[in-house]
2 protein chains.
Amino acid sequence: MNGEENKIYNVLIADDHQMFVDGLKALLRKEKNIQIAGEVSNGADALQAIIKKQPDLLITDISMPGLSGVELTREVKSRYPEVKILVLSMYNDREIVSEILMSEAEGYILKNTGRQELSNAISRILGNSTYYSNEVLNIMMTRIKRQKKAEKNTSLLTARETEIIKLIMEEYSSEEIAEKLFISKRTVDTHRKNIIQKTNTRTLVGLLKFAIENNLAEINQ
Amino acid sequence: MNGEENKIYNVLIADDHQMFVDGLKALLRKEKNIQIAGEVSNGADALQAIIKKQPDLLITDISMPGLSGVELTREVKSRYPEVKILVLSMYNDREIVSEILMSEAEGYILKNTGRQELSNAISRILGNSTYYSNEVLNIMMTRIKRQKKAEKNTSLLTARETEIIKLIMEEYSSEEIAEKLFISKRTVDTHRKNIIQKTNTRTLVGLLKFAIENNLAEINQ
DNA sequence: GACCGAATACCTAAAAATCTGTATATTCTA
DNA sequence: TAGAATATACAGATTTTTAGGTATTCGGTC
């Protein structure tokens with residue numbers, strides 16, 4: 001590892017699934033420079049262990065009894081920012097990936113990661129870098145791309161037009177929109193005309209699809 | 001276990017993630033009546049090992065190089081139906097759960113399962129029953145409920161009405177629908193009137209939302 | 001054979017949206 | 001300060017949908 005090749009790094013494991021912990025420990029024992037400082041199965045115990053052992057690195061699952069890994073990460077970063085955190089989780093859904101990224105963990109990999117990648121992640125993180133697995137990076141990229149596309153599409157629209165669209169999607173007629181916004185119905189009609197042109201749609205159905213695809217309306221599904 | 005308390009069951013493990021395999025083996029070694037017959041890291045090797053060792057139970061991951069767990073399950077069930085199969089996977093998304101259920105595996109649990117539940121699952125399966133974890137069952141129930149609701153909603157509609165809705169969602173006007181279906185525009189108008197009444201919507205926007213929510217139309221998202 | 005639902009088609013009328021255009025005021029930016 | 005964009009509003013006309021109704025035919029079921 002960078003810079004301090006004889007340093008022994010203490011690693012705390014937080015995970016309530018013994019199968020993972022056993023497998024993880026077996027892997028970590030093969031690493032030079034790594035010492036397992038402890039293992040806990042919930043967030044509260046993790047905090048206690050951090051106070052006591054002051055590990056260099058916390059490897060934590062997300063779903064644990066009581067304090068989740070997300071909450072634990074936030075707490076640790078606010079109280080012991082020098083402790084590095086690698087999230088090792090089963091979940092790859094977008095909500096959770098986002099929350100973890102917001103929580104300033106230094107890494108996030110999935111539990112199907114091989115040993116080599118895990119080892120690499122730990123090295124990177126202990127060497128003051130970050131490590132996110134490809135799946136996680138892909139989720140991030142997809143999300144960013146999608147957001148950019150929606151922003152590009154909706155940036156063609158003025159604030160008023162966006163507002164009109166949202167009210168259309170809430171099933172207001174043009175007259176009702178006029179009343180609600182204290183403007184003339186003729187104004188609403190002009191806005192509608194402009195919206196249809198700008199969004200390259202040609203019917204109300206097309207506009208509805210545009211709105212949903214660009215997060216201007218929600219559908220329960 | 002039921003009936004044959006002194007019988008030793010041979011278990012084959014198929015998983016390409018060493019961390020899991022180590023953890024799983026550690027757990028299985030604590031079980032009476034269980035002997036680890038082997039471990040492989042891909043589907044093809046699993047088939048070879050089944051021929052050679054004839055295990056009672058195969059515990060398999062889903063995502064493996066080459067033959068996936070789904071394909072492996074199908075193959076094993078078609079050639080060696082007496083071999084029981086427990087899928088132990090990270091993925092809980094609906095598509096994969098469905099495929100596994102169709103493939104006649106005797107069980108499906110997630111890799112975050114605790115030891116007790118894993119032990120219970122194995123016992124149940126070796127005792128000629130099935131075992132699916134709660135998360136998997138919840139996915140099944142949610143899917144069934146959702147499908148039933150959509151069926152209930154759309155069962156109010158006749159085939160022609162459903163067809164009209166789909167064409168509306170493809171942005172055909174009533175006149176265009178009439179031309180396409182070789183019927184009068186008046187007929188289309190009557191269908192639309194009836195559709196609005198039956199779906200308890202009051203606007204075209206409302207109808208479109210109904211259609212999307214009940215899988216009569218798709219939105220890219 | 002009777003009955004019912006689906007599909008079809010039509011009627012008159014009203015409401016709403018859309019189309020193509022012109023115009024003015026306000027706000028923002030260079 | 002000028003210019004551009006946005007927001008507003010209006011005009012007349014056309015198109016489309018919606019509303020509330022009646023009617024006939026066909027196929028399926030009892």
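First the proteins, then the strands, lettered A, B, ... as listed; each starts at 1.
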Check every nucleotide of DNA chain C for an atom under 4.0 Å from a heavy-atom of chain B, then give the first and the last such nucleotide from 5' to 3'.
-> C:dA6 to C:dT12
Answer yes or no: is there a donor N or O on one side and an acceptor on the other, between the side chain of [X] and the main chain of [Y], under 3.5 Å?
X	Y	result
A:D16	A:M64	no
A:S129	A:I125	no
A:D56	A:N10	yes
B:K77	B:E82	no

Looking only at non-hydrogen atoms, find the nearest pair between A:K198 and A:E161 and report the distance.
-> NZ-OE1, 2.9 Å
Looking at B:L110 and B:S133, what are the two nearest heavy atoms and their distance?
->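 Heavy atoms only, the tightest pair is N-OG, 4.1 Å.
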A:L67 CG to A:L47 CG distance, which is reported to the nearest 0.5 Å | 6.0 Å
Test of ring centre spacing under 6.0 Å for A:F20 and B:F20 =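 Yes, close enough.
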Heavy-atom side-chain proximity of [X] to [Y] below 4.5 angstrom:
X	Y	result
A:L88	A:T60	no
A:I109	A:L86	yes
A:V188	A:L181	no

Where along residues 183-202 of chain B does a heavy atom fall under 4.0 Å from DNA chain D?
-> B:K185, B:D189, B:R192, B:K193
Mind listing the residues from residues 167-177 of chain A sitting with a heavy atom below 4.0 Å of DNA chain D? Number order is fine.
->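 Result for residues 167-177 of chain A: none.
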Applying side-chain hydrogen bond (donor to acceptor under 3.5 Å, both in side chains) between A:S174 and each of A:K185, A:R192, A:H191, report the one that passes.
-> A:R192
End-to-end axis angle, where each axis spans five pairs of the helix from C:dG1-D:dC30 to C:dA30-D:dT1, to 10° |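 Between the first-five-pair axis and the last-five-pair axis there is 50°.
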Salt bridge check: are B:E75 and B:R79 linked by an N-O gap of less than 4.0 Å?
-> yes
Is any side-chain N of the basic residue among A:E170 and A:K166 closer than 4.0 Å to the acidic one's carboxylate O?
->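 No, no charged N to carboxylate O under 4.0 Å.
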Would you list the protein and nucleotides 24-30 of chain D atom pairs, both N or O, that sit under 3.5 Å from each other?
none

Go through the structure and list residues passing side chain to side chain contact (heavy atoms under 4.5 Å, CB included) with B:T130, not counting sequence neighbours.
->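 B:T130 satisfies side chain to side chain contact (heavy atoms under 4.5 Å, CB included) with B:Y132 once adjacent residues are dropped.
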